[in-house]
Amino acid sequence: MRGPAQQGAIVPAGDRGIAAPVVEPSVEPGPQPGPGSPRRGVPRLLAGRPAGGGEERQPGDAKGGGEGGRYEEISVRDAKLVKKGLNAPKITFKAVNNTKQALLRTTFRVTGTYGILDEYGDLSEEEDQIDVFLVQSGDLVAPCLLPGETELELVPSSSDGVVVSYRGRDGEEQTFELGDLRSFEVSAGDSLERADPDDTGILDEGEYEVGLKIRGSVDKLVAEVTNRSDHRWREVRVYTVAVGKDGALAKRTGYSVIDDRYVRPVTVTFLKPGETKSESVGIRNELVSYDIDHFEVLRVEADREDGE
């Protein structure tokens with residue numbers, strides 16, 4: 001069931017005799033952050049590269065411009081299946097924004113092919129969407145793609161690693177993880193909005209300071225936000241994710257349609273340059289089944305007004 005897509009990278013994922021090179025670590029592992037210093041682990045979580053070494057399948061590469069040289073606003077390249085490292089197994093890829101504008105809330109689609117045994121014991125191939133999400137957002141929507149390349153990574157939605165299942169007419173269910181796929185395709189869909197690259201609403205790290213604390217027994221997440229910019233902020237939203245002791249996404253039991261590791265944003269209003277305010281968001285009911293060490297900042301968005 002393959003739908004239309006703007007641009008995709010088709011990648012062989014099954015064992016077809018392709019060499020599996022070792023990926024050198026791209027980010028040096030640093031000290032693990034505690035609840036009082038959650039920012040330290042963010043680059044490793046968001047880098048979209050294998051961390052600490054890993055095994056990957058050789059990708060097929062979607063050439064820029066699409067079929068027949070047709071111009072595409074977004075292309076996908078360098079998609080890989082990474083079997084070891086932070087958040088592995090995972091798919092890493094580069095989304096290339098070929099425009100001069102920032103593309104906001106871009107949806108991606110991921111399909112995979114897999115071999116099944118039918119009711120007669122014969123092997124055949126099926127294709128379907130696979131159940132994964134972007135580490136950067138908790139769903140399949142990238143918040144912002146600036147002009148050029150953005151590195152992203154996809155991980156299984158289910159805690160057991162299953163990304164697709166097939167039930168035949170005999171009622172037998174066959175399940176498949178990322179490593180079981182014969183191939184997969186990552187394709188870019190539509191972007192909800194466009195913006196000037198300097199006016200996306202997403203703050204640069206130098207424009208703010210955020211301290212995160214867990215209050216109670218995973219009862220509330222408190223964000224202390226300092227405005228380091230020259231602008232007043234009518235409203236600022238801090239997006240976070242729950243992280244385990246190893247710096248990867250917090251482990252969980254069971255499966256739900258909504259990934260509760262990505263809690264709703266902590267919102268602070270009317271913040272002047274140099275000013276600090278704290279707000280909290282309740283999280284206990286959402287995260288009782290997670291092994292949480294701390295929270296990390298994914299991004300900070302602000303509605304700016306003229307500075308003084």
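Side-chain atoms are counted along with the backbone in the values below, which use heavy atoms only and exclude waters and symmetry mates. Numbering of residues begins at 1 and proceeds along the displayed sequence.
Its side chain within the 4.5 Å cluster rule, Leu117 clusters with Leu123 among the Ile, Leu, Val, Met, Phe, Trp and Tyr residues.
Applying the side-chain contact (heavy atoms from CB on, under 4.5 Å) rule to Asp198 yields the partners Asp196; only residues at least two apart in sequence or on another chain are considered. Remark: Val96 engages Ser75, Arg77, Asn98, Glu149 in a side-chain contact (heavy atoms from CB on, under 4.5 Å) (not counting sequence neighbours). Looking at residues two or more places apart in sequence or on another chain, you find a salt bridge (Lys or Arg N to Asp or Glu O under 4.0 Å) between Glu207 and Arg304. Looking at residues two or more places apart in sequence or on another chain, you find a salt bridge (Lys or Arg N to Asp or Glu O under 4.0 Å) between Glu235 and Arg237. Looking at residues two or more places apart in sequence or on another chain, you find a ring-ring contact (aromatic ring centres under 6.0 Å, His included) between Phe176 and Tyr114. For Arg228, the side-chain hydrogen bond (donor to acceptor under 3.5 Å, both in side chains) partners two or more places apart in sequence, or in a different chain, are Glu209. Taking the side-chain hydrogen bond (donor to acceptor under 3.5 Å, both in side chains) definition, one finds that Thr226 meets it with Thr276, sequence neighbours left out. Shown here are the salt bridge (Lys or Arg N to Asp or Glu O under 4.0 Å) partners of Asp139, two or more places apart in sequence or in another chain: there are none. Shown here are the side-chain hydrogen bond (donor to acceptor under 3.5 Å, both in side chains) partners of Gln174, two or more places apart in sequence or in another chain: there are none. The side-chain hydrogen bond (donor to acceptor under 3.5 Å, both in side chains) check on Ser191 picks up Thr106, with sequence neighbours excluded.
Residues Pro265 and Val238 are not in side-chain contact: their nearest non-hydrogen atoms beyond the backbone lie 4.5 Å or more apart. Residues Pro273 and His231 have side chains not in contact (no heavy-atom distance under 4.5 Å, counting atoms from C-beta outward). Within the 4.5 Å cutoff, the side chain of Glu305 has no heavy atoms near those of the Trp233 side chain. In this structure the side chain of Phe184 reaches within 4.5 angstrom of the side chain of Leu81, judged on heavy atoms.
Of all heavy-atom pairs spanning Val266 and Ala223, the tightest one is CG1-CB, 3.7 Å. Closest heavy-atom contact between Ser278 and Val222: CB-CG1, 4.4 Å. Shown here for His294 and Gly244, the closest heavy-atom pair between the two residues is CE1-O, 4.0 Å. The two residues Asn97 and Pro147 have their closest heavy-atom pair at ND2-N, 3.5 Å. What you find for Ser183 and Thr113 is that their closest heavy atoms are OG-OG1, 2.6 Å. Residues Pro89 and Leu178 come closest through the heavy atom pair O-CD1, 3.7 Å.
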Run the side-chain contact (heavy atoms from CB on, under 4.5 Å) check on Glu73 and Arg194 step by step: do they pass?
CA-CA 12 Å; Glu73 290 189 339; Arg194 299 165 180 266; 2.3 Å; yes
Please test Ile214 against Phe295 for side-chain contact (heavy atoms from CB on, under 4.5 Å), starting from the C-alpha separation and ending with a verdict. CA-CA 8 Å; Ile214 300 174; Phe295 283 79; 3.9 Å; yes
Next item on the list: For side-chain contact (heavy atoms from CB on, under 4.5 Å), just list the numbers for Leu212 and Thr240, CA-CA rounded to whole Å, side-chain angles, deciding distance to a tenth of an Å, and then say yes or no.
Entry: CA-CA 9 Å; Leu212 298 175; Thr240 62; 3.8 Å; yes
**Asked** Can Asp293 and Val243 be said to form a side-chain contact (heavy atoms from CB on, under 4.5 Å), step by step?
**Response** CA-CA 6 Å; Asp293 181 70; Val243 177; 6.0 Å; no
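Side chain of Asn227 to main chain of Gly274: no donor-acceptor pair is present (N/O by atom type, distance under 3.5 Å, no hydrogens or angles). In terms of modelled atom types and a separation under 3.5 Å, the side chain of Asn87 and the main chain of Leu249 share a donor-acceptor contact. The backbone N or O of Thr269 lies less than 3.5 Å from a partner atom in the side chain of Lys277, making a donor-acceptor pair. Using modelled atom types, no side-chain atom of Asp204 and backbone atom of Gly206 make a donor-acceptor pair closer than 3.5 Å.
Taking NZ of Lys80 as the reference point, atom CG of Asp78 lies at 4.5 Å (rounded to 0.5 Å). The distance from the CD1 atom of Ile116 to the OG atom of Ser124 is 3.5 Å, given to the nearest 0.5 Å. Atom-to-atom distance recorded for Arg234:CZ and Leu271:CG is 13.0 Å, nearest 0.5 angstrom. Distance check: Leu145 CG to Leu152 CG gives 6.5 Å after rounding to the nearest 0.5 Å. Atom CG of Leu104 sits about 8.0 Å away from atom CG of Leu192, to the nearest 0.5 Å. Phe133 CZ to Tyr262 OH: the interatomic distance, rounded to the nearest 0.5 Å, is 4.5 Å.
Look at Lys220 and Glu279 and you find no salt bridge, because none of the NZ, NE, NH1 or NH2 atoms lies under 4.0 Å from a carboxylate O.
Under a hydrophobic-cluster definition in which Ile, Leu, Val, Met, Phe, Trp and Tyr are linked whenever side-chain heavy atoms come within less than 4.5 Å, directly or via other members, Val281 and Val300 are assigned to the same cluster. In terms of hydrophobic clustering, with Ile, Leu, Val, Met, Phe, Trp and Tyr side chains grouped at heavy-atom distances under 4.5 Å, Ile74 and Leu140 are assigned to a common cluster. Under the 4.5 Å side-chain contact rule for hydrophobic residues, Leu298 and Val155 share a cluster.
Exactly one of Thr111, Leu154, Val110 qualifies for a side chain to side chain contact (heavy atoms under 4.5 Å, CB included) with Ile130. That residue is Val110. Just one of Glu151, Glu153, Glu177 meets the salt bridge (charged side-chain N to carboxylate O under 4.0 Å, His left out) condition when paired with Lys90; it is Glu153.
A side-chain N or O of Ser157 and one of Asp131 form a donor-acceptor pair less than 3.5 Å apart.
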Please tabulate, one pair per line, all N/O donor-acceptor pairs under 3.5 Å involving side-chain atoms of residues 162-170, not counting sequence neighbours.
residue: Ser165; atom: OG; partner: Glu173; partner atom: OE2; Å: 3.4
residue: Arg167; atom: NH1; partner: Gly171; partner atom: O; Å: 2.9
residue: Asp170; atom: OD1; partner: Glu172; partner atom: N; Å: 3.1

